[in-house]
Amino acid sequence: MNLISTIAAITIMLSIVLAVASFWLPQVTPDHEKLSPYECGFDPLGSARLPFSLRFFLVAILFLLFDLEIALLLPLPWGDQLASPLLTFLWATAVLTLLTLGLVYEWTQGGLEWAE
């Protein structure tokens with residue numbers, strides 16, 4: 001029981017010390033950015049209907065697509081323990097080929113260019 005009470009006392013004292021230090025240490029110098037309700041970099045007083053480039057959405061979709069590719073190919077090293085590892089590797093090669101052809105098509109069509 002002595003060990004448990006010692007650990008509890010240390011935990012309580014450490015929590016109190018950290019809570020008191022968190023009230024004393026911060027700088028109390030608010031500026032315009034800290035007083036703003038939005039911290040995203042946009043002016044909150046301007047129009048909310050600003051045009052947004054669809055290229056950001058295209059890059060996000062491509063990121064999700066290739067992130068999904070990684071998630072699908074992650075268990076591939078364990079594919080050699082299956083009954084037909086050659087079939088597993090052929091399917092993985094087909095997926096990689098399809099995604100590579102899609103990337104090449106996007107690249108040749110200019111879908112990955114930021115500025116026109």
Side-chain angles (χ1 to χ4, degrees):
M1 187 69 177
N2 192 12
L3 180 63
I4 294 175
S5 61
T6 304
I7 290 174
I10 290 173
T11 305
I12 291 171
M13 289 302 297
L14 185 61
S15 299
I16 290 172
V17 167
L18 289 175
V20 169
S22 70
F23 284 113
W24 283 343
L25 288 180
Q27 298 176 355
V28 191
T29 54
D31 55 356
H32 178 68
E33 286 82 14
K34 289 182 182 178
L35 294 176
S36 173
Y38 302 105
E39 296 178 1
C40 59
F42 295 112
D43 186 16
L45 302 176
S47 174
R49 304 284 183 215
L50 293 175
F52 193 74
S53 175
L54 290 177
R55 297 205 184 264
F56 290 113
F57 291 115
L58 176 66
V59 170
I61 288 172
L62 286 174
F63 172 76
L64 289 175
L65 179 69
F66 287 104
D67 193 37
L68 180 65
E69 171 198 356
I70 291 170
L72 288 174
L73 296 176
L74 189 61
L76 190 60
W78 291 277
D80 61 348
Q81 300 175 2
L82 295 175
S84 60
L86 183 62
L87 184 63
T88 304
F89 290 125
L90 285 176
W91 277 109
T93 304
V95 168
L96 283 174
T97 304
L98 182 67
L99 287 173
T100 303
L101 288 175
L103 179 64
V104 168
Y105 177 76
E106 281 290 328
W107 199 330
T108 57
Q109 293 298 318
L112 300 177
E113 299 293 329
W114 283 104
E116 296 182 22

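Position 1 is the first residue of the sequence, and the numbers go up from there.
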ILVMFWY cluster membership beyond Leu74 - transitive side-chain contacts under 4.5 angstrom: none
Test side-chain contact (heavy atoms from CB on, under 4.5 Å) applied to Glu69 and Leu72, Leu73, Leu65, the passing residue: Leu73
Scan the side chains in residues 91-103 for donor-acceptor partners under 3.5 Å anywhere in the protein, sequence neighbours excluded, and list what turns up.
residue: Thr93; atom: OG1; partner: Phe89; partner atom: O; Å: 2.7
residue: Thr97; atom: OG1; partner: Thr93; partner atom: O; Å: 2.7
residue: Thr100; atom: OG1; partner: Leu96; partner atom: O; Å: 2.7

Let me check something: any side-chain donor-acceptor pairs from residues 8-17 under 3.5 Å, sequence neighbours excluded? List them with distances.
residue: Thr11; atom: OG1; partner: Ile7; partner atom: O; Å: 2.7
residue: Ser15; atom: OG; partner: Thr11; partner atom: O; Å: 2.8

Pairwise side-chain contact, Leu64 with Leu68, heavy-atom cut-off 4.5 Å (strictly under): no
For the student: nearest non-hydrogen atoms of Ser22 and Ala19, plus distance: OG-O, 2.7 Å
